[in-house]
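As the structure lists them, so they are numbered: ligands from 1, and atoms in each ligand from 1. Quick caveat: nothing in here was measured; it's all calculated off a predicted structure. All residue numbers in this chain count up from 1 along the given sequence.
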Amino acid sequence: MRKIPVNKLKPGMVLACKVRDGRGGLLLDEDSVLNNRRIARLKKAGISRVFIKDFMLEDVEATDFISDETREEAIKILKKAFQHLVKGSEADLASVEAGVQKIIWEVSRNTCQMISLTDVRTCDSFIFAHSVNVCALSIYTGVLLGLTEDQLRILGLGALFHDIGKTMLDGDLLYKPGPLTDEEMAQVRKHPIAGYEILRRCADLDPLVARVALEHHERLDGSGYPKGLKGKKIHLFSRIVAVVNVFDALISDRPYRRAYLPHEAAAIIEKEAESKFDPEIVRVFMENVALYPIGTVVELSNGEVGMVIDVNKGQQARPIVRLLPPEGKKEAGEWQELDLSKQMDLYIVRVLEDQPFPDH
Ligand SMILES: [Fe+2]
């Protein structure tokens, strides 16, 4: 499968992954054949890119590091829990914990795999899907950092509920297309404290869960909010959630900008690693993110163009690339492939999103 911009979609193309509307419902299912009406629907929903099935990648399997089933179930459970917690009524924390436990199991089994997110969602109601992603990514990072099962559970809950305070904000403000005014920004910046207050009321939750909500926008150099805490005054779990939260936000569409590609998001975070984020967490996380996930179309330093068909763990900038066949040659099984981890004279120059490809 290959990720392409929605404005390059053509009728007849087939979706390789589900596209969700962020409210738990499906916008379009996997295997949907696109037509003009469906393409218009994706555009209207504000989706910038989707995964399509691709002739050149028919024999290549790309999987997300958590299953669709686990993700969907967690989103459903979280929605319910949010509603109860915000109202101050009792939430079914046992099922939330069971959801987190399932993510821990899946992620622990899959740490040999690079983080490659296939989740595509609209920006209109991103909190639930975003929270589940942040939860899975935090747990993944926690596993790599050697946290215990009990620590992973609390970290997972903190990550899942980190943005619960946003439910207290006006929806217009949350999804405003365009930059916020100073006054609006001040409103948004209240969400960590609002989240902390909601979670603190819940006696069954470990106090660290509320602390993650409070601290996830704090930055190591004291430039964050709400308190401007510095360095290790910010809890380890909050420092983990801070990094993965920014990564997931950058690779998602927003009402005012398209999603960044993974290598662009990584470059933005790495630039800040020295001052704002915990460098060790950034290192561990970035070593395990596929900068050029399977299906990315790249131009190499010798001018050749190809698709990434596999990633090399530990050498994210040097994946295995299947070269675009010469004009007219479309036979499967005859592709020329280059393993960039073994071809040190070649490197990726840029990602091409508009490259036309041969069809069946
Ligand atoms: Fe937040």
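Of all N/O/S atoms in His191, NE2 sits nearest the Fe ion (ligand 1). His217 contributes atom NE2 as its closest N/O/S atom to the Fe ion (ligand 1).
Residues His235 and His216 keep their aromatic ring centres 6.0 Å or farther apart. For His162 and His130, the gap between ring centers is short of 6.0 Å.
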Please lay out, stage by stage, how Phe285 and Tyr140 fare under the test ring-ring contact (aromatic ring centres under 6.0 Å, His included).
CA-CA 8 Å; Phe285 181 64; Tyr140 189 106; 7.7 Å; no
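Centred on the Fe ion (ligand 1), the NE2 atom of His216 and the OD1 atom of Asp163 lie at an angle of 90°, reported to 10°.
Looking at Glu280 and Arg283, a side-chain N of the basic residue comes within less than 4.0 Å of a carboxylate O on the acidic one, giving a salt bridge.
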